[in-house]
Structures are given as structure tokens and as C-alpha cells.
2 protein chains.
Amino acid sequence: MDTIGFEAHDHKGCVRDAIAAVEAHCTRHKLQFTPVRRRVLEILLSEHRAMGAYEILDTLRTEGLGSQPPVAYRALDFLVTNGFVHKIERLNAFIACTHPGQDHTPAFLICRQCDAVAEAHAEPSKGMLGRAAADTGFTIEQAVVEAMGLCPQCRESVHPCA
Amino acid sequence: MDTIGFEAHDHKGCVRDAIAAVEAHCTRHKLQFTPVRRRVLEILLSEHRAMGAYEILDTLRTEGLGSQPPVAYRALDFLVTNGFVHKIERLNAFIACTHPGQDHTPAFLICRQCDAVAEAHAEPSKGMLGRAAADTGFTIEQAVVEAMGLCPQCRESVHPCA
DNA sequence: CATCAGATGTTATGATATCACATATGGAGA
DNA sequence: TCTCCATATGTGATATCATAACATCTGATG
């Protein structure tokens, strides 16, 4: 299954593996996985949640890795462009990809209560959206799919009657 | 068909009809369709494109209907909440709904070249997203579906070789 | 070792959105 | 009618998100 965001898991391992995967991908594609870029990805992987650019920047600042917004935004731009991090448009925030390197169209399940975000897999070219695009001659290059709602935990706490 | 955004149409008529539909809906549901709210909707309907809040505010300002951001944002909030206007997260912009009053989950086709936006219809509960949500126990309340790409016209102009 | 592309540092500013509080308006009930 | 209250609006200030512009550095390449 793709959706892993609402379950416990081996966190240290997932951070380590993701960094290794990105490192390998960068080497293979001659991309510069610089200290700032690596650190931003590490922060997002460790926190395992959607974070704003300025929140990330705060951490960088305490570590002497850059203190001005462009530093964070440039690193994020690199990571997003290469598919290692996704932007959650709805939250103006960023989250580490759960399977970096693989070509995919992410979809997100966002809890409005606790802000937890789970990454799932969308296939926008199939389904109604793809059909509508085909009908009108629109060429889809990229898609944002974000569902808002309640995660299992918060759903419980909202219904204490059970 | 739902997707009408890339084709010519009777524009005056569509503005008039939409306003009438919203007016009726507000009367039926005891909602206040005030001058500012009406004017913001008219602007969006007339322009028939995604507009930023401050761009709308500029127009209001010249008409003496309010000059501070909260005026525009409050009207937009009302219109979005009641489904008369949709927010395009990807553009931080707003667009009038093409079939107001009806309960629906909109999806958008956004041209990256000319910024034209077409509204289509999504059914997020079906398909992979709905399945992923069901699998994890996530309850979808609302969804953002936005496809970026090239509209038919811009696709032509990018490929002049044909 | 000259050059150049790409990355980073830094100042300033632009763009989007909300808070907080004052004021107005219109309907329900005393 | 008058009071109360919910809802809407006016306004100044500020929070939050993002980029422009330009200087500097560093490492690869010819």
C-alpha cells in the first residue's frame, strides 16, 4: 500500500533510506545534493509532517546554514523540482516524499483537525479529470490532488459517544 | 458536458443567469446577497478568469465599495463557502463557479501559458483517492483537484510545426 | 589559470491573508 | 417604540508567504 501517513513505522530507518535514495538519485543524475538541500530534506523527513518554509528556515538559522528566506525557498525548489519533496498547496507547506525518485503523481489526505498529511497515489489521467481533459484537448502535465477531512484518530475523538 | 472554459459562449447571458441563480439560492437559504458580495461575483463572472483578491479589490475601490483587503476577502469567503466561487489553490486566485447552487466537487484544468482555467467535474470519492482514503479510515470532506498543462489554443502555438 | 555555470549570502520588496476593534443595519422580542 | 442581538461592513495594522536583484563563492572544464 502507498498510504502510510497515519501509521506508526520505523522512523529512523525511513529517514536514512530516503536520504540514501535521494543521494543515489542525485549522483546518477549529476545533481548537487548540497548541505543546505540535504539538511532541508532531513528536517522534513524527521518531522514527517507538512512544514512552512519559514519554519524550516528557523531551524536552518539555528544551525548557521542560512538565515534569509531565499535560502530555504531555493533548497525547497530544488527538492520539489526533483520530486523529493511535495508542496501542499492547500497549506502553503512542504512535506518529504514517501517514495522519492520514483515517478509519480502524489495525492494527499490532509486532516483538518491535527494537520497530519498522508501521501497516496493519484492517477489523474484516468478517471473523470482525464476524460474531461481529453474531451477539450487539454494536455495535463502535472496535477494537484488534495483531500481535506478527518484522519482515523481525529475522527474517533470527534465522536466520543462510541 | 461540464467543461466549458475553453470555448466561446454567450457571455452576457451566462453572467445574468448565474447571478439570478445565486440570488434565488440566497433567498431560498436566507443568505444575504449584499452589494459587495454581488459585485464581487459579477466581477468574477464578467472577467471569466481566475483573479487574485487584490485585483478584485482594485475594482471595488474604484467603485467605492470598499478599499481594504478584508472587504474583498470577506465577500470571497462568503461566495466560496456557499459554492458560488471556487479558490484555485495553485494560483492563489478565485474564479466564479460555472454551475452555482448545485452540489459538486470541482476540478480545474489550468493552462500554464495563458492562465485560462476550465472547470470540470471530479468525483474524488471514486477512484484511487477514494480507495486510499477508505483503506486508511480517512474521511474526505472536501477535495482540491487542479491539473496544470496546456489548453488547446496554447498547445497549437507551441507546436507551429504542424 | 581563466572562465563559467551553478550555488549561496544578503537586502529589500512584493504578494497574499488575517487580526482586532469600531461602526452600521435590520429583525425579534420586551 | 425601544432594546438587544446577530450579521455585515469600515479601517488600520500586521502576519505570513514568496521572489527580485545583485554580490560572492566554489568547483569543473578547457
Side-chain angles (χ1 to χ4, degrees), chain A residues 22-23 26-27 29-41 43-44 49-82 84-95 110 112 115 144 146, chain B residues 22-23 26-27 29-41 43-44 49-82 84-95 110 112 115 144 146:
Chain A
V22 170
E23 200 154 46
C26 286
T27 303
H29 292 78
K30 298 191 192 303
L31 299 169
Q32 299 187 39
F33 195 39
T34 64
V36 179
R37 291 169 179 178
R38 167 189 291 263
R39 188 64 192 121
V40 169
L41 180 60
I43 292 167
L44 283 169
R49 62 186 174 90
M51 299 177 73
Y54 278 69
E55 193 182 355
I56 294 167
L57 182 59
D58 285 342
T59 303
L60 293 180
R61 192 174 282 135
T62 66
E63 299 171 354
L65 270 173
S67 58
Q68 300 304 320
V71 173
Y73 279 102
R74 283 194 288 235
L76 286 166
D77 184 61
F78 170 86
L79 295 167
V80 168
T81 298
N82 294 288
F84 308 142
V85 162
H86 301 298
K87 178 168 188 184
I88 311 291
E89 295 290 342
R90 183 62 191 251
L91 303 177
N92 292 319
F94 301 84
I95 192 164
I110 306 168
R112 66 168 158 80
D115 279 335
V144 174
E146 298 173 3
Chain B
V22 169
E23 202 155 45
C26 286
T27 303
H29 293 78
K30 298 192 191 301
L31 299 170
Q32 300 186 38
F33 195 40
T34 64
V36 179
R37 291 169 178 178
R38 168 188 290 264
R39 188 64 192 119
V40 169
L41 179 59
I43 292 166
L44 283 169
R49 61 186 175 89
M51 299 178 74
Y54 278 72
E55 193 182 355
I56 294 166
L57 182 59
D58 284 341
T59 303
L60 293 180
R61 192 174 282 135
T62 67
E63 299 172 354
L65 271 174
S67 59
Q68 301 301 321
V71 173
Y73 280 103
R74 285 194 286 234
L76 287 166
D77 184 61
F78 170 87
L79 295 167
V80 168
T81 298
N82 294 288
F84 308 141
V85 163
H86 300 298
K87 177 167 187 185
I88 311 291
E89 294 290 343
R90 184 61 192 250
L91 303 177
N92 292 319
F94 301 84
I95 193 164
I110 306 168
R112 66 167 157 81
D115 279 335
V144 173
E146 298 173 2

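Each chain gets a letter, A, B and so on, in the order the sequences are listed, and its residues count up from 1. For the numbers below, each heavy atom of this structure counts, side chains included, while hydrogens, waters and symmetry mates do not.
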B:Phe94 CZ - C:dA15 P separation (whole Å): 16 Å
Rounded distance in Å - NZ (B:Lys30) to P (D:dA8): 14 Å
In whole Å, what is the span from the CZ atom of A:Arg90 to the P atom of C:dA17? 12 Å
So that I can tick it off, tell me whether B:Glu89 and A:Lys87 are bridged by a salt bridge, with the cut-off set at under 4.0 angstrom between side-chain N and carboxylate O. no
Among D:dA8, D:dT11, C:dT8, which nucleotide sits nearest the side chain of A:Arg74? C:dT8
Going through the distances and angles, do B:Ile95 and B:Ile88 end up as a side chain to side chain contact (heavy atoms under 4.5 Å, CB included)? CA-CA 7 Å; B:Ile95 193 164; B:Ile88 311 291; 3.9 Å; yes
Does OP1 or OP2 of D:dA8 have a side-chain N or O of B:Arg37 closer than 4.0 Å? yes
Quick check on C:dA17: is either OP1 or OP2 less than 4.0 Å from any side-chain nitrogen or oxygen of B:Lys87? yes
Here's a test of your reading of the structure: between A:Ala75 and A:Pro69, which maps to the more 5' nucleotide of DNA chain C? A:Ala75
In plain terms, say whether A:Arg74 and A:Asp77 are close enough for a salt bridge, that is, a side-chain N and a carboxylate O under 4.0 Å apart. no
Could you give the CG-to-C1' distance, from B:Asn92 to D:dC17, as a whole number of Å? 9 Å
With no hydrogens and no angle check, is any side-chain donor or acceptor of A:Arg38 less than 3.5 Å from a backbone partner on A:Phe33? no
Quick check on DNA chain D: between A:Ala93 and B:Pro35, whose nearest nucleotide comes earlier from the 5' end? B:Pro35
Counting the atoms with a prime plus P, OP1 and OP2 as sugar-phosphate, which does A:Tyr54 contact under 4.0 Å by heavy atoms, base, sugar-phosphate, or nothing? base
Could you check how far CD of B:Gln68 sits from P of C:dA22, rounded to whole Å? 17 Å
Nearest-angstrom distance from the residue atom CG of A:Leu76 to P of C:dT8: 12 Å
In whole angstroms, how far is the P atom of C:dA5 from the CD atom of A:Gln32? 14 Å
Check the pair B:Leu60, B:Ile43 against side chain to side chain contact (heavy atoms under 4.5 Å, CB included), reporting the backbone distance first and the verdict last. CA-CA 9 Å; B:Leu60 293 180; B:Ile43 292 166; 4.1 Å; yes
Taking only side-chain nitrogens and oxygens of A:Ser67, does any of them come within less than 4.0 Å of OP1 or OP2 of C:dG9? no
Would you mind telling me which of D:dA8, D:dG12, C:dT8 lies closest to the side-chain atoms of B:Pro70? D:dG12
Would you indicate, yes or no, if D:dA18 has its OP1 or OP2 atom less than 4.0 angstrom from a side-chain nitrogen or oxygen of A:Tyr73? yes
Integer-rounded Å distance: C:dT16 C1' and B:Asp58 CG: 13 Å
